[in-house]
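Here's the structure we're looking at; comments come further down.
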Amino acid sequence: VLGIELFGLGAGDWSQASLDTSNTLVLPSFLENTQVGRVGGGLGGGLRLSTPGKSVRLSAGAGAGVMFRHVYTNLSVIDGTRTGYASPLLLTDVSLLFGKTLSLGIVAWVEFSRDITVAAQLGDFLPGATELPITLFSGPQFFLGPTIALHFGQ
């Protein structure tokens, strides 16, 4: 059975990175390990293929949409700004459908975001320094994870 679907997606991720200043800057100790987190959601549509059956079916889908994200980082504490972005996304998943409403599976998507950069204001910590631009994300971002979905309709 082939169908057209709309999807909604919620996502969050967190990472830790070290700043490489090539020994040219002495950073405050709380900046030695940068914390970066993203939360957001996406909307889109696509096609879904499901095997016939009533109790358990195999299902696979693919689609495109847009992802809206908000970036949190301990660098934002310094400059008082927050960074958000919207990016196109491609999504695919494979799952087992149980009955008509529940599925468990694996989802993968790629976000095609612009480079996400923050400008930390370091004048209070480094005399003579005003901004330190730091790129948090660059190029396409790939995500893979489990999915639990509720389906509505026939």
Side-chain angles (χ1 to χ4, degrees), residues 1-22 27 30-122 131-154:
V1 178
L2 181 65
I4 297 172
E5 70 178 355
L6 298 175
F7 65 83
L9 170 69
D13 61 275
W14 171 84
S15 59
Q16 182 175 345
S18 296
L19 296 175
D20 179 12
T21 60
S22 302
L27 295 174
F30 66 90
L31 285 181
E32 290 176 359
N33 290 311
T34 304
Q35 310 293 317
V36 179
R38 290 184 283 195
V39 295
L43 299 169
L47 297 175
R48 177 154 304 279
L49 181 63
S50 298
T51 60
K54 292 191 179 203
S55 58
V56 178
R57 299 178 288 154
L58 181 63
S59 178
V66 63
M67 189 69 145
F68 303 94
R69 295 280 208 155
H70 188 82
V71 178
Y72 296 92
T73 173
N74 61 334
L75 296 172
S76 294
V77 173
I78 296 169
D79 66 8
T81 65
R82 294 190 248 185
T83 301
Y85 65 93
S87 64
L89 74 95
L90 294 177
L91 179 136
T92 187
D93 73 280
V94 176
S95 59
L96 286 175
L97 286 123
F98 300 94
K100 292 184 178 182
T101 58
L102 176 67
S103 69
L104 302 173
I106 296 175
V107 63
W109 75 90
V110 178
E111 293 177 25
F112 298 94
S113 68
R114 59 181 169 77
D115 289 355
I116 306 301
T117 303
V118 294
Q121 303 296 326
L122 299 176
E131 285 189 355
L132 176 63
I134 299 169
T135 300
L136 302 174
F137 306 104
S138 180
Q141 305 289 305
F142 179 77
F143 300 89
L144 177 69
T147 182
I148 299 172
L150 297 175
H151 302 268
F152 303 98
Q154 296 295 326

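In this chain, residues are counted from 1 in sequence order.
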The criterion is side-chain contact (heavy atoms from CB on, under 4.5 Å); which residues satisfy it with [X], sequence neighbours excluded?
X   : value
A62 : T92
V1  : none
L90 : A64, F112

Seminar exercise, completed: residues 58-69 vs salt bridge (Lys or Arg N to Asp or Glu O under 4.0 Å), sequence neighbours excluded, gives D13-R69, R69-E111

For this session: Write out all pairs satisfying salt bridge (Lys or Arg N to Asp or Glu O under 4.0 Å) with one or both partners inside residues 139-151, taking only residues at least two apart or from two chains.
Result: none

Problem set entry | Results of side-chain hydrogen bond (donor to acceptor under 3.5 Å, both in side chains) for T51 - residues two or more places apart only | none

Exercise. Considering residues at least two apart in sequence or located in another chain, which fulfil the side-chain hydrogen bond (donor to acceptor under 3.5 Å, both in side chains) criterion with S103?
Worked result: H151

Within a strict 4.5 Å, meaning less than it, do heavy atoms of the [X] and [Y] side chains meet?
X    : Y   : result
T117 : T83 : no
L89  : V66 : no
Y85  : V71 : yes
W109 : L9  : yes
V56  : F98 : yes

Problem set entry | Pairs satisfying side-chain hydrogen bond (donor to acceptor under 3.5 Å, both in side chains), at least one member in residues 54-68, at least two apart | R48-S59, S50-S59

Exercise. Between M67 and G42, which heavy-atom pair has the shortest distance, and what is it?
Worked result: SD-N, 3.4 Å

Exercise. How long is the gap from CZ on F7 to CG on L43, to the nearest 0.5 Å?
Worked result: 8.0 Å

Report all side-chain donor-acceptor pairs from residues 136-149 shorter than 3.5 Å, counting only partners two or more places apart or in another chain.
from: S138; atom 1: OG; to: D115; atom 2: OD1; distance (Å): 3.1
from: Q141; atom 1: NE2; to: G139; atom 2: O; distance (Å): 3.1

Exercise. For L102, does the CG atom have more than 12 heavy-atom neighbours from other residues, nucleotides or ligands under 6.0 Å away?
Worked result: yes

